[in-house]
Amino acid sequence: MAAAAGSLLSAGLTAGAAGLTKAAGSSIAARSYAGVVPVGRAGAARSTSNANANSSSGWIPMAKLQSSDEKKMANGFSNGWASLSDRSLKMQAKGDVADVESEGLIEPLISSGDYDKSWTYQSVVPPFLFPALGGLLFGYDIGATGGAVLSLTSADVSGTTWFNLSSIETGLVVSGSLYGALLGSILAFNVADSLGRRRELIVAAITYAVGAAVTGLAPNLPILIAGRLIYGTAIGLAMHAAPCYISETAPTDIRGTLISLKEALIVLGILLGYLVGSLEISTLGGWRVMFGAAVPMAALMGLGVFWLPPSPRWLLLRAVQGKTNLAEAKSQAMNALSKLRGVKRGQDGIDAELAETLASVENGAGGSQETTFGELFQGNLNRKALLIGGGLVFLQQVTGQPSVLYYAAPILQSAGFSAAADATNVSVLLGFFKLIMTLFAVVYVDKVGRRPLLIGGVTGIVASLLLLSAYYSFASGVPVLAVGALLLYVGSYQVSFGPISWLMVSEVFPLRTRGKALSLTTLINFASNAVVAFSFAPIQDLIGVSATFLLFGLVGVGAFFFVFFKVPETKGLSLEQIESKLSE
């Protein structure tokens, strides 16, 4: 899987750079423009005379440092920068003083990032792959549960004396992981920022293993349902921490590819669940194997994440908030970033990226207090990010995906496909198609951008829903219409809402509120999933199948306008630049 992921990564950019640092009051900011040195910081000497004429914004061009004392001050700025500055100052004075006017420097909100951005496959794949196993385990549960319930409730192969479950009991087994995911999302809201992304993933892996083991070994129904709830809690934690960790550690130019690949691993997990189910469906007690097979995968996830470095952005955020020592956090963040970028990246490039990240963290930390729930709704930036992230994961569910897949088997049967007689084979067929279309999105998300895929995909979703409505209303004699609409829906969803929603969610939130905001959007996602799952049958009974698909189509039209007018393009932008863009 690592090799497959690595083959999709584009070559890293390698650019020469010059460093720039700035200090104002007690804070540090960093930029990467040539021929400029910082001045001013608590604990550091300030320049005088010629320097003062140009320090209103805190910047001094090297060309304007006249005296030897001033140059010593600039070269001695390491006292203010601790472990970062010695390497950063090596990047100065390599070219003309650009962006300097007679009264100082023109300072952009976010730097151009003109430094060495190279990375290696060996350093990029593990920080993606092991967190993404949390998504694979989520998908595995989706794929394996159907077969496991068939096995559990079979008098011939259940291997239990309590196989005769009521519809309510069966529903609890099937949806137990969904309820647990809601619980996990709430739990993540309260502990994610203090735990950190890496430790949250480790907790998720342990919880996955415990939940799978309890479910697979359950001696009775109550313990089985308890195991399902535990496993679901891990889903909630993993689906929060994985996109957060990947987005904060991935190189900017392949961030979209990697987060979209996480969706591909979810689909791969679904296929794996179908495969295990098909192999064990006739085995005595096969449901125990189906549920228990997640244990070794969870162990692999936990061991892999254990050896990963923590998120440098999280380390710096905790330090800026006063939770840890700043100098120690900068040292840890530098070591983490070096591991995440690999030996190909020069030290100057590591320093420049870390300095840029620190500047963004200090600008956006908003003080030393923990983020509160109310803060997510305060300020234009937070409200705009929550509208985009929450809106996308909500629309991902309410445009009818579970309902369309529910009708997959009868649609294919009506077209004469023999495989439709076997629900497992139908699921595998659609699963492979979903995986192919997801990989299409993975390949193109960082080439064409997020918005084109979303707009094109939502357009296809609306068209397919209208076609399905027509089929069940007046075109039932044209089964090829229904098959085409089904494939159009699945393909359109997998190049748009499927991977892109979680990608955008991991990108748009400011660092200070990212942990809790992602928890809230994860909760919105699973809650809306539950609402659609429980309301579909009553709506269908009330207004009919055709009108139900028409209703979903109208929701899809609303989704199109939401994406067109509210969702920005984030392709090629660093997380700091995205934050700046949303602040406009």
Chi angles and distances behind the side-chain contact (heavy atoms from CB on, under 4.5 Å) call for Ser331, Asn335: CA-CA 6 Å; Ser331 176; Asn335 291 334; 4.2 Å; yes

Side chains of [X] and [Y], heavy atoms from C-beta outward: is any pair under 4.5 Å?
X: Met437; Y: Val490; answer: no
X: Leu237; Y: Val203; answer: yes
X: Arg228; Y: Phe291; answer: yes
X: Phe432; Y: Val267; answer: no
X: Tyr245; Y: Leu308; answer: yes
X: Val124; Y: Pro251; answer: yes
X: Val398; Y: Leu395; answer: yes
X: Leu201; Y: Met301; answer: yes

Take Thr257 and Phe128 through the test side-chain contact (heavy atoms from CB on, under 4.5 Å) and record every step on the way to the result. CA-CA 10 Å; Thr257 297; Phe128 151 75; over 6 Å; no

When you check the gap from the basic side-chain N to the acidic O, do Arg288 and Glu280 get nearer than 4.0 Å? no

Between Arg255 and Asp446, does any NZ, NE, NH1 or NH2 come within less than 4.0 Å of an OD or OE carboxylate oxygen? no

Is it true that, when you exclude Phe189 itself, more than 12 heavy atoms of the residues, nucleotides or ligands shown sit nearer than 6.0 Å to its CZ? yes

Give a yes or no on whether Tyr444 atom OH has more than 12 heavy-atom contacts from other residues, nucleotides or ligands under 6.0 Å away. no

What is the distance from atom [atom1] of [X] to atom [atom2] of [Y], rounded to the nearest 0.5 Å?
X: Phe549; Y: Ser464; atom1: CZ; atom2: OG; answer: 9.5 Å
X: Trp162; Y: Thr153; atom1: CH2; atom2: OG1; answer: 11.0 Å
X: Leu453; Y: Ser492; atom1: CG; atom2: OG; answer: 11.0 Å
X: Leu183; Y: Phe526; atom1: CG; atom2: CZ; answer: 12.0 Å
X: Leu381; Y: Leu582; atom1: CG; atom2: CG; answer: 6.0 Å
X: Leu133; Y: Tyr140; atom1: CG; atom2: OH; answer: 14.0 Å

Does any donor atom in the side chain of [X] or [Y] lie under 3.5 Å from an acceptor atom in the other side chain?
X: Thr570; Y: Glu507; value: yes
X: Thr438; Y: Gln494; value: yes
X: His240; Y: Thr522; value: no
X: Gln396; Y: Asn525; value: yes

Under 3.5 Å, side chain of [X] to main-chain N/O of [Y], donor-acceptor pair present?
X: Ser311; Y: Trp314; value: yes
X: Thr233; Y: Leu229; value: yes
X: Arg318; Y: Lys323; value: no
X: Thr207; Y: Ala234; value: no
X: Glu169; Y: Ser166; value: yes
X: Tyr208; Y: Leu137; value: no
X: Ser158; Y: Leu152; value: yes
X: Tyr489; Y: Leu465; value: no
X: Ser154; Y: Ser151; value: no

If you look at every heavy atom in [X] and [Y], which pair is closest and at what distance?
X: Pro127; Y: Thr249; value: CB-OG1, 4.3 Å
X: Leu392; Y: Phe497; value: CD2-CE2, 4.0 Å
X: Thr145; Y: Val174; value: CG2-CA, 4.0 Å
X: Ala264; Y: Leu435; value: O-CD1, 3.7 Å
X: Pro499; Y: Ala441; value: CG-CB, 3.8 Å
X: Ala213; Y: Val295; value: N-CG2, 3.7 Å

Candidate pair Ile235 and Ser177, rule side-chain contact (heavy atoms from CB on, under 4.5 Å), full reasoning: CA-CA 8 Å; Ile235 293 175; Ser177 60; 4.2 Å; yes

Applying salt bridge (charged side-chain N to carboxylate O under 4.0 Å, His left out) between Glu248 and each of Arg313, Arg197, Arg198, report the one that passes. Arg197

For Leu165 and Val149: C-alpha separation, side-chain torsions, deciding distance, then whether side-chain contact (heavy atoms from CB on, under 4.5 Å) applies. CA-CA 10 Å; Leu165 304 182; Val149 169; over 6 Å; no

